[in-house]
2 protein chains.
Amino acid sequence: MVDERVMGDPRSGRPAPDAAASVRDESLPDVLSTNAPHPAVDIRAILFTVADGALLVALGEHDPGWGLPRGEPSPLDTLDVAARRIVREGTGLQEQYLEQLYTLSVRDAPDWTIIVGYMALVCSGQAPPPPLAGLWHDVTALPQLSHADQMVIDYALVRLRAKLGYTNIAFHLLPQTFTLSELQGAYETILSRRLDKRNFRRRVIASGILFPTSEKRRDGSHRPAVLYRFRADDDHETYLTPPWAEGA
Amino acid sequence: MVDERVMGDPRSGRPAPDAAASVRDESLPDVLSTNAPHPAVDIRAILFTVADGALLVALGEHDPGWGLPRGEPSPLDTLDVAARRIVREGTGLQEQYLEQLYTLSVRDAPDWTIIVGYMALVCSGQAPPPPLAGLWHDVTALPQLSHADQMVIDYALVRLRAKLGYTNIAFHLLPQTFTLSELQGAYETILSRRLDKRNFRRRVIASGILFPTSEKRRDGSHRPAVLYRFRADDDHETYLTPPWAEGA
DNA sequence: GCAAAAGTGTTGTGTATACACCCATGG
DNA sequence: CCATGGGTGTATACACAACACTTTTGC
């Protein structure tokens, strides 16, 4: 079932001096009849969403079992555009955010494939079209997946969690208007950790990236919540934020 | 000269909704005789070093002008391993650090290529073997390069500068033992900004990632400097460091 | 003894955390 | 009137930035 041989680990930035050796010992040639053509290039996209307290991943039915949406790039498109197409085709959904993750080389039986991993986010509000029920799987209880798919998912999780801290990425998981509690809930779900309400609100308000609408939401026997909306701009602005900016 | 059409920008994490359209209008098919085979996959590596106050990039002579070291991956190797090989072959140097940057799809005349960008670092001490003089170019005064090469360089710079802040990446640019002033100099060169000596030393000492040797270096008519060495471990440990870790 | 880089502390300011109660509503 | 989530402020600890002088050596 897990038959792909995955090479390379996105998390390590070290030489890992003997990786070559350990790979070379494995089952021998097939593809590499020396003048083998180019490898296949395969895009795999992991689409996340958050729904009532769970972080969900979109999977499709594959050869045996489940797998991430995948597809080939086209010479006419950016990889990003191709990835977006693949997400749409594989899930019927239009993602709000897309980010390339990592590229790795996989040798599976006789085939050689370069896998380009992507992460996408959709807001929880978006109703999955009927034919695609059974699409969403809780990330904490996934079925058995290929090694490559699993790797993409693991890495996507690391990136997503890390980016919660220093970007506005979570916004793409929410509908246009939302309450602060909903936003906090998304953070908590992804980090699987509870956050302090007052600190959370202070930070997010102070950051200035969202502003209150005049509407409120009444959805229970309690005080209605103010609905907020994002400022369209600061988005990829707020991305890289190196510390020690000593001089002005 | 700059004839490659580069698609996709590593910095943007946004959908850029109409990228497809803008690309589609351009000069038409060639490669995409529909069942065109797979694209070529091309690794480009940018090798940085720091030498007396300048951040240097290794370039080789190419078709017309200069270019980054490049080469094809092999089915037997990790992309990382292939990139390391390409750095060695293209520069004669053994890098200390290697990191994948970004993958993009490029359509250049009739050819379609997937370019996987890599960044590598070597320590300044490493003497360039004679045949490869004229290898190093100051990053602030580079010759005309292909669009794709330029993109890899720009992005590598962003990543390198950002990572100075939250990782130990700079260590890989220095020889095994070095003075604190040398370390600070490397930071200043890369950031092109002066740093406060006392704050810098306090931080780097407090971080615990390096420890003093018993040797000193006398290299002028002034007080000799203590030589430091890195702790081999915390390296890829210190990588992703998400903020607001509220709970313990 | 002087030039030149190495080395060393304190203080203020901002940012993150911990923590508990009142408010508005529906039933 | 009560249960439910919405909303608010303060005190403390830590991290970062600004800043100037003494030490050791070679010549």
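- Within 4.0 Å of A:S181, counting heavy atoms only, lie sugar-phosphate atoms of the nucleic acid but no base atom.
- Summarising the geometry, the separation between CZ on B:F200 and C1' on C:dG7 is reported as 14 Å, rounded to the nearest angstrom.
- The side chain of B:R201 contributes no N or O atom lying less than 4.0 Å from OP1 or OP2 of C:dT8.
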Protein-proximity profile, nucleotides 19-27 of chain C, B/S/- by nucleotide at the 4.0 Å heavy-atom cutoff, equals BB--BBBB-
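- For the ring pair (Phe, Tyr, Trp, His ring centres under 6.0 Å) test, residues two or more places apart in sequence or in another chain that qualify with A:F178 are A:F230.
- If you take CZ of A:R203 and P of D:dT8, they are 16 Å apart, rounded to a whole angstrom.
- Shown here are the ring pair (Phe, Tyr, Trp, His ring centres under 6.0 Å) partners of A:H137, two or more places apart in sequence or in another chain: A:W66.
- Every residue two or more places apart in sequence or in another chain that forms a side chain to side chain contact (heavy atoms under 4.5 Å, CB included) with B:A120 is listed here: B:L47, B:V87, B:E95, B:L98.
- Listed by chain and residue number, A:L55, A:L173, A:T189, A:I190 satisfy the side chain to side chain contact (heavy atoms under 4.5 Å, CB included) test with A:V50 (two or more places apart in sequence, or in another chain).
- Scored by the side chain to side chain contact (heavy atoms under 4.5 Å, CB included) test, B:R218 finds B:P224 as partners (sequence neighbours excluded).
- Spacing between atom CG of B:D219 and atom C1' of D:dC27 amounts to 15 Å, rounded to whole angstrom units.
- For B:E182 and C:dA5, the CD to P distance is 13 Å, given to the nearest whole Å.
- Here D:dG9 presents its P atom at 13 Å from CD1 of A:I205, a figure rounded to the nearest Å.
- No side-chain N or O of B:T78 forms a donor-acceptor pair with one of B:D80 less than 3.5 Å apart.
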